[in-house]
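Data block below; observations after.
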Protein chains: 2
Amino acid sequence: MTAQIDCKVPQGSQNPQSPKDRVALDPEGAAELAVGFKALADPNRLTLLTLIAAEATGEACVCDLTEPLGLGQPTVSHHLKVLVDAGLLAREKRGTWSYYSVVPGALQDLFHSLTDWTTP
Amino acid sequence: MTAQIDCKVPQGSQNPQSPKDRVALDPEGAAELAVGFKALADPNRLTLLTLIAAEATGEACVCDLTEPLGLGQPTVSHHLKVLVDAGLLAREKRGTWSYYSVVPGALQDLFHSLTDWTTP
DNA sequence: CTCATGGATTGACATCCGTCGATATTCCTG
DNA sequence: CAGGAATATCGACGGATGTCAATCCATGAG
C-alpha cells in the first residue's frame, strides 16, 4: 500500500517541537499532511469551500449547497464530512440544520506545514 | 463524472484577469486547482518534494530518490511526472540523468489561488 | 557499433474514491 | 404522538489511482 520508508533522520535535537532537525518529512508526517491535501484534491470540495466562504454569514447549510453543485444531498454531505475531518470546515448543528463554516487559518496551517519543508 | 455546475456568475466586469467578480469558483477553475492539490494528495509525493528541496544543489535525480522512498524506479518516475505536470517540479535532462527541482513559487501560487476565494 | 546504465512507458492488478439510491436519525410542528 | 423536513449513514457500482514487473528509449563508454 503506502510502502515503509526509512528516512534518514540525523536528529540534531530531541525536541519534537522543532521539526527542522530532520532532513525530510517522516512517513507519519507525510501521511498526515496528505490527508489535508486529499481533502482539497476534488473540484467539488474546492467549490464547496469557496461557496461557504462567499456566504455573507460565513456559514451555509447543506440545502444551500446541493443546488449550485448539481450533486445529490448524500454526496454533498459526504464531501462536507471529508472537509470537516480534515479540519478545514467546522460543523454546528442548530435545530434540524447543520451549518458549515470555514475554520480560520486552517488552510494557512496546512500550507505552512508543507512550505516549512520546501523553503528553508 | 464531475457533474456540471451552473454557478451564479454576477460578472461585475468582463475582465478575465480579475477572478473576484465571481461569487465562487467556476467548474473549470475548480478542476484546474484540483489538479494541483491532487498532486499533493499522496504521502510519497510530499516526501519527494521535501527530499528534493532538502538537496544542497536544489535538485535530485531519480536514482537518489528511489532508496529513501522504498519504491520502485517506475513508481518514483510516475510520481515525479505527476508533480511536473502539476507545475510543482521542473525536469532538466543532462546526459543520462534527469534532474528534478522545485519550481520556485509554484506552491505559493497554488495556495493563493485558493485563499483568494476563501479569504475576502 | 555494441553494450551498459538511467530513466520513461506500458500493461496489469488491487485498492481507493466519488456518486447515487435507499434508509436511518434527529428535530420541529401540529 | 404523528407527520414532515433536513441531514447523516449504508451499500453498491464504476472510474480513478498507486504499485510493480517487463519493456522500451536514449545516452555515454569502450
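In what follows, every chain begins at residue 1, and chains take the letters A, B, ... in the order their sequences are listed.
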Between CG of A:D42 and P of D:dA16 the distance, given in whole Å, is 13 Å
To the nearest angstrom, the CD-P distance between A:E92 and C:dC27 comes to 14 Å
| query | For B:Q108, does the CD atom sit with more than 12 other heavy atoms under 6.0 Å from it, leaving out its own atoms? | reply | yes
When A:H79 and B:R91 are each assigned the nearest nucleotide of DNA chain C, the 5'-most assignment goes to B:R91
Q) A:Y100 side chain N/O closer than 4.0 Å to the phosphate oxygens (OP1, OP2) of D:dA8? A) yes
Taken to the nearest whole Å, CG/A:L71 to P/C:dC20 is 5 Å
| query | For A:H78 and D:dA8, is the shortest distance between a side-chain N/O and OP1 or OP2 below 4.0 Å? | reply | no
Next on the checklist: Base of D:dA6, side chain of A:Q73 - is there a donor-acceptor contact under 3.5 Å?
Outcome noted: no
A:L80 atom CG is separated from D:dA6 atom C1', nearest whole Å, by 13 Å
Taking only side-chain nitrogens and oxygens of A:S77, does any of them come within less than 4.0 Å of OP1 or OP2 of D:dA8?
-> yes
B:K81 has its side chain closest, among D:dA6, C:dT9, D:dT7, to C:dT9
Check your understanding: For B:K38, does its backbone N or O pair with a side-chain atom of B:R45 as donor and acceptor, under 3.5 Å?
Key -> yes
Separation of C:dG7 atom C1' from B:L48 atom CG, nearest Å, is 15 Å
Checklist entry - Do A:S113 and A:D116 come within less than 4.5 Å of each other through their side chains, counting heavy atoms only? => result no
In whole angstroms, the gap separating P of D:dA6 from CD of A:E67 amounts to 14 Å
When you measure from the side-chain N and O atoms of A:R45 to the phosphate of C:dG18, is any distance below 4.0 Å, counting only OP1 and OP2? yes
Of D:dC20, C:dA8, C:dT19, the nucleotide closest to the side chain of B:S98 is C:dA8
note: B:E59, atom CD; C:dG7, atom P; distance rounded to Å ~ 12 Å
- Message: I'd like to know if the side chain of B:T115 and the backbone of B:F111 have a donor-acceptor N/O pair within less than 3.5 Å.
- Response: yes
Are A:L80 and A:I52 side-chain neighbours, meaning at least one heavy-atom pair lies under 4.5 Å? yes
Whole-Å distance, B:R94 CZ to C:dA8 P, equals 14 Å
Taking D:dT7, D:dT27, C:dG21 as options, the one with an atom nearest any side-chain atom of B:T96 is D:dT27
Against the side chain of A:W97, the closest entry in D:dT7, D:dT9, D:dA26 is D:dT7
Which part of the nucleic acid, if any, lies within contact of A:T75, taking any heavy atom under 4.0 Å across all strands shown: a base, the sugar-phosphate backbone alone, or nothing? base
